[in-house]
Amino acid sequence: MPLPADKEVSFRESVNLCCDLAMATLDIPEGMAKYIRNVNNVYQVRFPVKIKGEIETFIGWRAVHSDHKLPAKGGIRFAPNVNQDEVEALAALMSYKCSLVDVPFGGSKGGLLIDPRNYDRDEMERITRRFAFELIQKDYIGSGTNVPAPDMGTGQREMAWIVSTYAAHCPGDIDHMGCVTGKPVTMGGIRGRVEATGRGVVFGLREFFRHPEDVKRAKLEGNSLEGKKVIIQGLGNVGYYTASILQEEDGAKIVAILEWDGALVDPKGLDVNDVFQYKCDNKGGVKGYPRAEYVEDSKSLLEMECDILIPAAMEAVINRGNAAKIKAKLIGEAANGPVTFAAETVLKEKGVVIIPDVYLNAGGVTVSYFEWIKNLSHIRFGRMNRRYEEGQSQLLIEAIEKTGNKVPVELVEKLSQGADEIALVRSGLDDTMRKAFQDIRERFWSNEKIPNYRTAAMAIAIEKIHTSYRTMGIYP
Ligand code: GLU
């Protein structure tokens, strides 16, 4: 199969090419392969909203790539450059992502062509509610059909508006809370969803370092993230949580943070929370931060020496133009599609290992799945069993002490805590990320036809989607 290393292809073509590479390692009939690869349906809508006395027309999309499992799942992106092709590519990635990590959803994605910086809060609310209404009307939102979530340019606030619009239009739906995930906790959200994608990235990296063979392949050393030099591109939601957890819980050194208005560098390690606070207080920029070196051309820092490079913002930041100059040993794709297809070919030749988006950023949708389950079961995780578990642990401690042995105070404290919602969410996410990486590496190391983790991950995902369609009865 010819690999276009000498020219860039679009994001959508790139996802399709990755899919084809994976298909080539599987035994799937050609017609079925074609069906799985393509988007099932896409709805484009134009709608008017009165802004500052004038009528403005907005355009948006919701694409469903696969519905082998329902609901179809995926974020809604508000961005000034989003288009149908991108939404379709992202919807396809959602299918593969969910399938890979055993989240029982189809894949979908939405986009609204808008620059949110140009509108105030009230205007954004009207626009979001109107977009939600258009999608509800055409059955593109609902707990059993299609469940949006936050993505670039959207967050808890927008999800709250969407659920409230849905509830107003579908008053009898007892499961209305499950029509969207990533909601505020006070509106049916789940603890741990905001940090989920970033924490998932860290869980994924930790699992990678548990496998010496894989660490060696990336020319790295050790069995943990301690002391590793990390570059973070994009300090948004995903980048921030990834960086801050890596620094605080794993002892990694965040040597550079790249943002739209420049980059900050400190070989001894930046204080992520301090930088983030500065960014929040300064209209989302890092320029002027006093406690690190500032570099205006932030993109040039992608080429800086480091152990791990984590692109956590947008597509195609690592491309034909800079791939040959990348010095990182490992690239962790926290964003969707940050490495282009052409760049991946160059990086492979250089021996740079990539942990792909389809796996590494699946933490968001995994915790969305937990939120959806919480919404459908109408009960918070831990509510039934937490105190019971605490009582059982208490009994155990008493039993041990009756034998004359003393349980150390710090253990008593730990043992006496029943699992609450956040602990359960993190535990479920950790388990999901560990298991998926083990599946990927096992497929990679056991099949010579598979050149990298991405193809391994895609092959596992496609195989499961194929099995679902097949058992549905599309062909015997
Ligand atoms: N937008 C996120 C993603 O790309 C989350 C999707 C979800 O939670 O449904 O994975």
Side-chain angles (χ1 to χ4, degrees), residues 11 15 61-67 69-79 82 86-112 135 140-156 158-159 162-163 177-184 188-190 192-201 203-204 234 236-239 241-242 311-315 332-338 356-375 425 428-429 432-433 436 457 461:
F11 181 33
V15 173
W61 299 268
R62 185 82 182 159
V64 175
H65 170 261
S66 71
D67 41 23
K69 296 213 165 146
L70 285 173
K73 190 83 187 78
I76 290 192
R77 171 170 293 200
F78 285 3
V82 67
E86 184 187 18
V87 170
E88 290 191 10
L90 289 163
L93 266 184
M94 284 310 303
S95 298
Y96 305 133
K97 206 185 292 189
C98 291
S99 170
L100 176 71
V101 297
D102 286 330
V103 163
F105 293 146
S108 182
K109 200 76 167 200
L112 181 68
L135 296 178
Y140 273 89
I141 296 185
S143 62
T145 49
N146 196 317
V147 180
D151 200 80
M152 255 160 68
T154 55
Q156 290 190 332
E158 287 72 20
M159 302 307 118
I162 294 174
V163 72
M177 278 296 183
C179 81
V180 63
T181 58
K183 304 177 292 292
I190 196 166
R193 176 61 184 85
V194 179
E195 65 166 29
T197 312
R199 189 166 283 280
V201 170
F203 283 151
N237 174 277
V238 179
Y241 280 105
T242 304
M314 51 213 195
E315 289 132 36
E333 292 188 329
N336 286 313
D357 50 3
V358 63
Y359 161 67
L360 201 62
N361 73 29
V365 74
T366 301
V367 177
S368 276
Y369 169 45
F370 302 155
E371 179 175 334
W372 181 77
I373 294 172
K374 173 185 180 178
N375 295 151
V425 163
L429 177 59
T432 304
M433 297 306 290

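We use all heavy atoms of the structure for the numbers below, so side chains are in, but hydrogens, waters and symmetry mates are not. Every number for a ligand or one of its atoms is a count from 1 in the order of the listing. Numbers here simply count residues along the sequence, with the first being 1.
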At what distance, to the nearest 0.5 angstrom, does [atom1] of [X] lie from [atom2] of [Y]?
X: Thr181; Y: Gln156; atom1: OG1; atom2: CD; result: 11.0 Å
X: Asn237; Y: Thr197; atom1: CG; atom2: OG1; result: 6.5 Å
X: Leu70; Y: Ser143; atom1: CG; atom2: OG; result: 11.0 Å

task: Report yes or no: do Arg193 and Ser368 form a side-chain donor-acceptor pair below 3.5 Å?
output: yes

- request: Taking the side chain as every heavy atom from C-beta outward, state whether Val15 and Tyr96 have any atom pair closer than 4.5 Å.
  value: yes

field: Contact (N/O only, under 3.5 Å) between Ala149 and ligand 1
entry: no

Nitrogen or oxygen of Ser368 less than 3.5 angstrom from that of ligand 1: yes

For [X], atoms of ligand 1 separated by under 4.0 Å from a heavy atom:
X: Gly364; answer: 8 (O)
X: Lys109; answer: 1 (N), 3 (C), 4 (O)
X: Gly74; answer: 9 (O)
X: Met94; answer: 3 (C), 4 (O), 6 (C), 10 (O)
X: Asn336; answer: 4 (O)

query: At a non-hydrogen distance cut-off of under 4.0 Å, which region of Pro148 contacts ligand 1 (side chain, backbone, both, or neither)?
result: neither

statement: Which of Asn146, Ile162, Ile141 passes side-chain contact (heavy atoms from CB on, under 4.5 Å) with Leu135? It is Ile141

- request: Report yes or no: does a heavy atom of Lys97 sit under 4.0 Å from some atom of ligand 1?
  value: yes

message: Does the residue Met159 have a heavy-atom contact with ligand 1, meaning some pair of atoms that are separated by less than 4.0 Å?
response: no

